[in-house]
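Here's the structure we're looking at; comments come further down.
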There are 2 protein chains.
Amino acid sequence: MSNAAIRQRAITGPRAPVPPAHGATVAFIVERLRDDILAGRLQPGSRLVESDLTSRFAVSRGPVREALRRLTADGLIEHWPHRGAVVRRLTEREIRELFLIRIEMEALAARLAAAADAFERRAGFVAAIQPIYADAPRNPCEYLKENAAFHDAVMALADNLQLRDLAARLQLPLIMAQVGDVLTPAVLNASVQEHRAVAQAILDCNSEAASARMRAHLERAAAVALRRVAERKA
Amino acid sequence: MSNAAIRQRAITGPRAPVPPAHGATVAFIVERLRDDILAGRLQPGSRLVESDLTSRFAVSRGPVREALRRLTADGLIEHWPHRGAVVRRLTEREIRELFLIRIEMEALAARLAAAADAFERRAGFVAAIQPIYADAPRNPCEYLKENAAFHDAVMALADNLQLRDLAARLQLPLIMAQVGDVLTPAVLNASVQEHRAVAQAILDCNSEAASARMRAHLERAAAVALRRVAERKA
DNA sequence: TCTCTCAATATTGTCCTACAATCGTCCTAC
DNA sequence: GTAGGACGATTGTAGGACAATATTGAGAGA
């Protein structure tokens, strides 16, 4: 069995089940790889060899290379000349830096959201955040979804497309994939409470409070994530 | 003469003078196109047809497509399926949105810079910003360089690599907005004064003041840029 | 004359093959 | 044990081919 075949088996079994329609090949590959990375099926540091991917997805090198480029642009993988692509491993410093940026962006989003005056968007926001008011305890996976939906709802209400784009590139999902196992029930419950506090400020049109509470929420999240990274190093 | 040949002539003359070394083809193309766009030789809305570029740079479609993808990631061009790439034209809304983000990012950088405690980096900052203390009046071109150097020096002192990356992406499109011709002596002089004020706060290790002054500086810059766009539309 | 449909054309999306260039590694010679 | 070279694995680029889609313009119909 060839090297490539062995690596392929090691990653995700025989091959892609359903080939995509014409014009969607690249998007298809990107989606699959993104899922694999964020779900942890592809660990940080895993190599992504073009020939493996061509056989796994049954496509030519063109789309594979393009998919790798997009994932690089998204920051999910790293690409070195003549050495290929590997799943990105965020360093403690990178996580710290990304959180600093994210805090500012989300605080801005919260401020804009609180100041938004479009009826329909406010209604959409209210509808989208309903899950945060559920009383049932969440498991980590459910919380991650709820969390993503909440932050996305704030972004949507803020109505700044560039900000939304940029926030998506800040790798919160990747960070969570790498330190996600720190979500104890206590941490998780605190986060839900913080979401509610932010939401209340936004609903009250209180920009300053919304911004400050979002900032506090993310500062705590950053502390949790960084503590986890420090633990792992030890 | 073919369509492609006509378009090629229209853009930059016969062909690339010096082909790049192996492994640098894409970077070469990206550089050339970036320059053309930022220098205005390629106007917003100009189409970038793959076959034109292959003949202009005497390379195959692979590197061309990759270069276009990178420029897309940088926000310099727009890419639509089956319709190709065009030089990005920023709408007023996009400029407004990007400035909102940039204000937060630069304010964060100023805050971090003021709080930085590494001797060498502070020394480097002082050296890098000397031009802002020159008394001689600047022409717009000189100012733009001085401005870029100043903001980059703040970023360097802030020592957040992710932030620096992001700021570069946020700046490029603004240059494309071609606000060069609104830089009257008055506007220009005000900007220099503001730079000095920011620098002073940073040198004083006053994070709050640094952040606030940077914010004020960029809010004024945003107003100038948006006024320019509004004028052009009229 | 205007609008709509449809074919011709231009262009992109993908595949394929081939080869050059480079990196990492192992292997040898000193 | 280290420097240097040979080799394999992999990426970078070329070039040709065809499929799929968008655009355009001409002709038919109202």
Taking the side chain as every heavy atom from C-beta outward, state whether B:I202 and B:I129 have any atom pair closer than 4.5 Å.
-> no

Is there a side-chain contact between A:E97 and B:L112, using heavy atoms and a 4.5 Å cut-off?
-> no

Just wondering, do B:R32 and B:L53 contact through their side chains at under 4.5 Å, heavy atoms?
-> no

List the steps and the verdict of side chain to side chain contact (heavy atoms under 4.5 Å, CB included) for A:L76 and A:L38.
-> CA-CA 9 Å; A:L76 285 174; A:L38 295 183; 4.0 Å; yes

Could you list the residues that satisfy side-chain hydrogen bond (donor to acceptor under 3.5 Å, both in side chains) with B:R122, not counting sequence neighbours?
-> none

Take A:R164 and A:D159, measure what side chain to side chain contact (heavy atoms under 4.5 Å, CB included) needs, and give me the verdict at the end.
-> CA-CA 8 Å; A:R164 212 174 176 181; A:D159 198 34; over 6 Å; no

Pick the nucleotide of DNA chain C nearest each of A:S60 and B:E50; which residue has the one closer to the 5' end?
-> B:E50

Are side-chain heavy atoms of B:V59 and B:V64 found at a separation under 4.5 Å?
-> yes

For B:F28 and D:dG12, give me the distance from atom CZ to atom C1', rounded to whole Å.
-> 16 Å

Listed partners of B:E219 passing side chain to side chain contact (heavy atoms under 4.5 Å, CB included), at least two apart | B:I103, B:R215

Pairs meeting criterion side chain to side chain donor-acceptor pair (under 3.5 Å) with involvement of residues 69-80 of chain A, two or more places apart | A:R34-A:D74, A:E66-A:R70, A:R69-B:E66

In numerical order, the residues of residues 64-72 of chain B whose heavy atoms come under 4.0 Å of DNA chain D are none

Among D:dT13, D:dG12, D:dA14, which is the nearest nucleotide to the side chain of B:T25?
-> D:dT13

Flag the pair A:L100 / B:L163 as yes when at least one side-chain heavy-atom distance between them is below 4.5 Å, and no otherwise.
-> no

How far does the helix from C:dT1-D:dA30 to C:dC30-D:dG1 bend, going by the axes of its first and last five pairs, to the nearest 10°?
-> 10°

Winner on side-chain proximity to A:V49, out of D:dA14, C:dC16, D:dT10, is D:dT10

Can you tell me how far P of D:dT11 sits from CD1 of A:I77, to the nearest Å?
-> 11 Å

Touch check for A:G84, heavy atoms < 4.0 angstrom, all strands: base, sugar-phosphate only, or nothing?
-> sugar-phosphate

Between the base of C:dT17 and the side chain of A:R61, is there any donor-acceptor pair under 3.5 Å?
-> no

To the nearest 0.5 angstrom, please state how far the CG atom of A:N160 sits from the CD atom of B:E94.
-> 10.5 Å

Table of protein N/O atoms under 3.5 Å from nucleotides 22-25 of chain D N/O atoms:
none

For atom CZ of B:F57 and atom P of D:dA14, their distance in whole Å = 12 Å

Quick one: A:L53 CG to C:dT14 P, roughly how many Å, whole number?
-> 15 Å

